[in-house]
Peer 1: 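Have a look at this one.
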Amino acid sequence: MAIIVNLDVMMAKRKVSLNELSEKVGLTLANLSILKTGKAKAIRFSTLSAICEVLDCQPADILEYKK
């Protein structure tokens, strides 16, 4: 089982750069990059909420479960 992070897809759809998202969410570029590449082990609900607010999307648009 795996959780797939589609953050890069949503960023492309919304035409938001990593730098812009970093500034608006309040995360470092390094932490956002780890999340974007799927290497993160966890994500705080507050972080997920902030990302969804900036990208105007739902958590399911960013996170996907695959067996």
Side-chain angles (χ1 to χ4, degrees):
M1 76 178 147
I3 301 294
I4 309 300
V5 180
N6 295 314
L7 181 58
D8 53 343
V9 175
M10 283 309 299
M11 288 173 58
K13 284 181 179 179
R14 301 295 192 249
K15 296 183 173 112
V16 174
S17 71
L18 196 62
N19 286 333
E20 186 179 352
L21 187 61
S22 171
E23 289 174 12
K24 290 183 177 181
V25 173
L27 286 177
T28 65
L29 284 173
N31 285 338
L32 263 182
S33 181
I34 288 169
L35 181 60
K36 183 179 160 194
T37 58
K39 295 180 182 178
K41 300 286 183 196
I43 183 170
R44 292 176 191 243
F45 283 138
S46 59
T47 301
L48 184 58
S49 178
I51 291 171
C52 287
E53 185 175 332
V54 171
L55 296 179
D56 189 30
C57 66
Q58 294 294 313
D61 296 327
I62 298 172
L63 301 175
E64 177 184 354
Y65 172 77
K66 285 197 177 179
K67 289 186 178 184

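All figures in this text were calculated on a predicted structure; none of them were measured in a lab.
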Peer 1: How long is the gap from CG on L55 to CG on D61, to the nearest 0.5 Å?
Peer 2: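 L55 atom CG to D61 atom CG measures 9.0 Å (nearest 0.5 Å).
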Peer 1: When rounded to the nearest 0.5 angstrom, what is the spacing between CD in Q58 and CG in L48?
Peer 2: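 Nearest 0.5 Å value for the CD-CG distance: 10.0 Å.
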Peer 1: With side chains defined as the heavy atoms from C-beta onward, is the minimum distance between L35 and I51 less than 4.5 Å?
Peer 2: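 The answer is yes; the side chains approach within 4.5 Å.
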Peer 1: Report yes if the side chains of C57 and K13 come closer than 4.5 Å at any heavy-atom pair, otherwise no.
Peer 2: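 A side-chain contact is absent here, since even the closest heavy-atom pair is not under 4.5 Å.
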Peer 1: Following the transitive rule for hydrophobic clusters with a side-chain heavy-atom cut-off under 4.5 Å over Ile, Leu, Val, Met, Phe, Trp and Tyr, establish whether Y65 and L7 coincide in one cluster.
Peer 2: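 Hydrophobic grouping puts Y65 with L7.
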Peer 1: Find out whether V5 and I43 are in side-chain contact, i.e. whether some heavy atom of one side chain is under 4.5 Å from a heavy atom of the other.
Peer 2: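 Side-chain contact under 4.5 Å: no.
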Peer 1: Heavy atoms only: give me the nearest P59-C52 pair and the separation to one decimal.
Peer 2: N-SG, 3.5 Å
Peer 1: Taking CD in E53 as the centre, count heavy atoms belonging to other residues, nucleotides or ligands within less than 6.0 Å. Is the count above 12?
Peer 2: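 Open: at most 12 neighbouring heavy atoms sit under 6.0 Å from CD of E53.
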Peer 1: So do N31 and T47 actually touch side chain to side chain, heavy atoms under 4.5 Å?
Peer 2: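 No, every pair of side-chain atoms sits at 4.5 Å or beyond.
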Peer 1: Is there a side-chain contact between N6 and L63 (heavy atoms, below 4.5 Å)?
Peer 2: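 Of all side-chain heavy-atom pairs linking L63 with N6, none is under 4.5 Å.
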Peer 1: If Ile, Leu, Val, Met, Phe, Trp and Tyr residues are connected whenever their side-chain heavy atoms lie under 4.5 Å apart, and connections chain through other members, are V16 and L29 in the same group?
Peer 2: yes
Peer 1: Measuring from atom CG of L21 to atom CE of M10, what distance do you get when rounded to the nearest 0.5 angstrom?
Peer 2: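 Interatomic distance, L21 CG to M10 CE, rounded to 0.5 Å: 11.0 Å.
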Peer 1: Hey, does the side chain of S22 reach the backbone of L18 with a donor-acceptor pair shorter than 3.5 angstrom?
Peer 2: no
Peer 1: Calculate, to the nearest 0.5 Å, the distance between atoms CE and CD1 belonging to M11 and I62 respectively.
Peer 2: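 So the gap between those two atoms works out to 10.0 Å.
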Peer 1: Any chance you could measure K24, atom NZ, to S17, atom OG, to the nearest 0.5 Å?
Peer 2: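 So the NZ of K24 and the OG of S17 are separated by 9.0 Å.
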Peer 1: What heavy-atom pair brings D8 and K36 nearest, and what distance separates the two atoms?
Peer 2: CB-CE, 3.6 Å
